[in-house]
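Here is the structure we will look at, set down as structure tokens.
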Amino acid sequence: MLRSMTKKSTTLLNLTAVVVLVTLLYLLEINKNSFGMAVSILQKSVILSIVAVSMNLLNGFTGLFSLGQAGFMAIGAYITAIFSISSDTIDSVYYTSGLAPWLMSFKLGLDVFPSAIRILFGLLLGGVVAGLFAALIGIPVLRLKSDYLAIATLGFSEIIRAILSSPQMDQITNGSYGLKNIPGFAIESDFLPVGTGSLLVPFAIAALCITFMVMLIKSSYGRAFMAIREDGVAAEAMGINLLKHKELSFIVSSFMTAIAGGLLAMFMRSIDARTFQISMTYDILLIVVIGGLGSITGSILSAFLVTASKEWWLRFFDQPLITGGITIPLFRTGFRMVVFSVLLMVVVLFFRRGLMGNREFSWSALLSWPKRMPKAKKGANKRG
Amino acid sequence: MSLLEIENLSVHYGGIEALKNISFTVNAGEIVTLIGANGAGKSTTLKSISGLVSASGGTIKHNGEIISGLDTQQIVERGIVLVPEGRKVFSNLSVLENLKIGAYLRHDHAGVAADIERMYDLFPRLKERHWQMAGTLSGGEQQMLAVGRALMAKPQILMMDEPSLGLAPLIVRDIFSIIRKINEQGTTVLLIEQNANAALKVADRGYVLVTGEVMMSGAGHDLLTDKSVQDAYLGTSAH
């Protein structure tokens, strides 16, 4: 009965999943006070899932090993922050040198729009600026192969971070002081319960971004990306313009990464350049590898699993554990990361190609295999 | 006017001269072969025609128009398509996806769908395995796929770089019968081969390349019976 699932029943399942998910998210967000941890884990997970999918687009589907994610996220985060911080509190944020007058007048000009529009503008502008940077550095850098490309993009990411925190940028990025008072996701309205939007807003934006990337991968462009990954010479012999397609993949990936960076700024409420150190890129690389290079649903699933286990499920390892009057050794701050790393090794050993390999989630696989993939549902829901 | 005219083509890799002023022509409807030992410049010739390697001198003309200097995409659009050496199928993509990538520059969806069926007729094995990853195919099947993929671009001239490389004799025979079939269906073929015997049997005309220069040319069967070609390339078993 399950083997031949009709298109109709798949659509029905997808629809049900979306409705259930939206309801769940809504219930969680309006009861934020009781489910604070769950809400913030879900927010962070869904934001990281955008970065993971865009990194997968580049590394998994196009075969370009880039490590510039943190840099592009920083661009998105700073631009979103600058445009979303309310003009009333901006002086308390830039308390040392003040905001540059031209930027301030631009911001004041935008104040005629509601805050949602300003935030959206910031997110999109961040994406566009990151895309432009990607296009520019892509021309020389995308000719490089594997490790060299990784080092070049890593360098770019560090340069961005250094520029953002430099004293010369004080009037724009607030230099090393960072930015605070960034608004969160919740929609402020008299008609909606407090907290509405805390989850639905980032989930909706993530669904949009990820759907776009899925459509790109399923299009003939996506096929060209994979051809380039498989064999550059053969792809070129088939008339695929290598640089053009690598640029496209790089630009789209960077755009989406910057959007996620902007969302991360809204999640964290305050950012500084140290947030976007190289370790940020490693965290995302880890998510992508655990999920499976070349699997979108794998990246999404892994973003949730890795974030939840790192920040939540393994927390108790950091607390001293006393059983029957005996203090169990090792249970202290930091032990969580040791356990986490061991778990990672186990996953890598048993799932050489990540949890999903290069397969994608499907309902028929889930329903006919309930024991092996109990958690895969989470990943698919979000794609609706 | 020949379909493809190569005049005084030279190619340098760094300081090394891989091709020295070679000239040859391919007429519409022919099978032309370039034979020669390793390092004679056969692959370089095909790569420079398809724009993968840039020439340092000479001209390549297609239908009388100079195409040297165009990029590969434009050359494929003109109908000159290369089946690269060593097959180079996209291993982690299915047979069907490989074929679709061959039609990447085409926008006539109905025509592409019809051509996929045509490839399945031409290579029944590919139809049986259309969902399989290309990397799991046997060597012969991969070569069929590489040829099918190139044919999906609707080439006027199909250039093949060592299609028999590393294949069992029986499979080699199949490949050559397919080359003949493709040619009969109207595609001009430019073939380079180390298996000079098989190549000259199928070819209308041949050119013998030695260290980057054309040493000899003639009709396929003339070269096949030529004493010096026999000694140098066909071994004693040739007849």
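Note that the structure is predicted; figures quoted are calculated from it, not measured. Within every chain, numbering begins at 1; the chains are lettered A, B, ... in the order of the sequence lines, protein sequences first and strands thereafter.
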Look at A/S220, A/G294, A/A227, A/A237 and state which one has the largest set of heavy-atom pairs under 4.5 Å with chain B. A/A227
Chain A: which of B/E97, B/K100, B/M159 shares the most heavy-atom pairs with it under 4.5 Å? B/K100
Could you check which of B/K88, B/E77, B/R87 has the highest count of heavy-atom pairs closer than 4.5 Å to chain A? B/K88
CA sep, side-chain torsions, deciding dist, call: B/V76, A/E236, side chain to side chain contact (heavy atoms under 4.5 Å, CB included): CA-CA 10 Å; B/V76 173; A/E236 200 179 358; over 6 Å; no
A/E230 side chain vs B/V89 backbone, donor-acceptor pair below 3.5 Å: no
Can you tell which part of [X] gets under 4.5 Å to a heavy atom of chain A, answering side chain, backbone, both or neither?
X      : result
B/A153 : neither
B/S91  : both
B/R149 : both
B/I101 : both

Report, as yes or no, whether the 6.0 Å neighbourhood of atom [atom1] on [X] holds more than 12 heavy atoms from other residues, nucleotides or ligands.
X      : atom1 : answer
A/Y221 : OH    : no
A/F133 : CZ    : no
B/Y13  : OH    : yes

State, yes or no, whether a side-chain contact exists between A/R223 and B/F90 at a heavy-atom distance under 4.5 Å. no
Quick check for you: to the nearest 0.5 Å, what is the distance between A/N241 atom CG and B/L105 atom CG? 9.5 Å
Value rounded to 0.5 Å, distance of CE in A/M226 from CG in B/N92: 10.5 Å
List the steps, then state whether side chain to side chain contact (heavy atoms under 4.5 Å, CB included) holds for A/M238 with B/V81. CA-CA 7 Å; A/M238 293 292 102; B/V81 181; 4.0 Å; yes
